[in-house]
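To start, the structure itself, in structure tokens.
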Amino acid sequence: MEINEIKSRLSILTVLSYYGLAPDHNHRLLCPFHKDTTPSLQVYPSTGTWTCFSSNCKAGSGDVIEFIRLKEKTGKHEAIVKAQSLIDKALPASLPEPLKTEPAKAQNLNALFESLATALQKSAKARDYLKSRNLAPP
Ligand SMILES: [Zn+2]
């Protein structure tokens, strides 16, 4: 898997929750890379990046892979492997995400559903099937 594909498929929020970290509603949290008393770490879910704004912190900023690399205290290659394993685990939970970020697509699905529901009512075969399954037509 290409690094860009990993970055586009692995949400920074998924990575945070994997490490038991939860950002507040401003997407800020206590930085896990230095002794933090006020939330200094800002995450940017739309770009999958983060920045620690504390001057006491050497982490600076990075992406999901850099976050994993720092958390695991490992090399970049190991971090990429870890990132891929998180994608595999996170897949079901992250599926609705495109619908949230792409309302146009969700509308297309609504239109598709409506056209299918209309088509269904025109089909005697489909109505009979619903009846046989004890399902109410939409
Ligand atoms: Zn920090």
Side-chain angles (χ1 to χ4, degrees):
M1 201 183 292
E2 299 278 336
I3 288 182
N4 279 342
E5 193 185 347
I6 294 173
K7 286 188 194 174
S8 69
R9 286 179 57 186
L10 183 58
S11 162
I12 184 71
L13 299 176
T14 304
V15 175
L16 291 177
S17 75
Y18 172 76
Y19 290 113
L21 303 168
D24 63 19
H25 62 281
N26 293 318
H27 295 128
R28 277 182 177 251
L29 65 154
L30 293 175
C31 175
F33 305 123
H34 77 281
K35 219 174 173 327
D36 203 3
T37 48
T38 55
S40 305
L41 191 81
Q42 176 81 55
V43 297
Y44 306 96
S46 59
T47 55
T49 56
W50 51 270
T51 296
C52 178
F53 287 103
S54 170
S55 53
N56 303 322
C57 188
K58 289 186 171 69
S61 58
D63 54 26
V64 285
I65 291 167
E66 180 68 2
F67 193 95
I68 293 169
R69 194 185 69 75
L70 289 170
K71 275 301 281 183
E72 303 285 336
K73 298 187 176 68
T74 180
K76 183 156 183 179
H77 175 74
E78 288 80 359
I80 290 170
V81 172
K82 182 84 188 175
Q84 281 180 322
S85 78
L86 291 185
I87 291 174
D88 295 339
K89 281 189 202 116
L91 211 54
S94 64
L95 276 182
E97 199 58 32
L99 294 182
K100 272 187 246 161
T101 53
E102 296 178 56
K105 258 192 191 161
Q107 269 175 3
N108 286 345
L109 289 179
N110 282 337
L112 177 68
F113 176 75
E114 269 163 33
S115 74
L116 289 175
T118 312
L120 185 81
Q121 277 155 13
K122 288 180 190 154
S123 161
K125 199 175 168 188
R127 283 198 313 267
D128 286 343
Y129 174 73
L130 288 181
K131 229 182 196 174
S132 76
R133 296 284 317 275
N134 264 340
L135 297 169

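Both counts, for ligands and for their atoms, begin at 1 and track the order of listing. Note: hydrogens, waters and symmetry copies are ignored here, and every other heavy atom, side chains too, is used.
The side chain to side chain donor-acceptor pair (under 3.5 Å) search around Glu72 returns Tyr19, not counting sequence neighbours.
Aromatic rings of Trp50 and Tyr44 (six-membered ring for Trp) have centroids beyond the 6.0 Å cut-off, not under it.
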Residue pair Arg9, Glu5: steps toward the salt bridge (Lys or Arg N to Asp or Glu O under 4.0 Å) verdict: CA-CA 6 Å; Arg9 286 179 57 186; Glu5 193 185 347; 3.2 Å; yes

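For residues 31-60, the set of pairs meeting the salt bridge (Lys or Arg N to Asp or Glu O under 4.0 Å) definition, not counting sequence neighbours, is empty.
When every heavy atom of Leu13 is checked against every heavy atom of Pro23, the shortest pair comes out as CD2-CG, 3.8 Å.
Inside a sphere of radius 2.8 Å centred on the Zn ion (ligand 1), the protein N/O/S atoms present are Cys31 SG, His34 ND1, Cys52 SG, Cys57 SG.
Taking a 4.5 Å side-chain heavy-atom cut-off between Ile, Leu, Val, Met, Phe, Trp and Tyr, the cluster of Leu30 contains only that residue.
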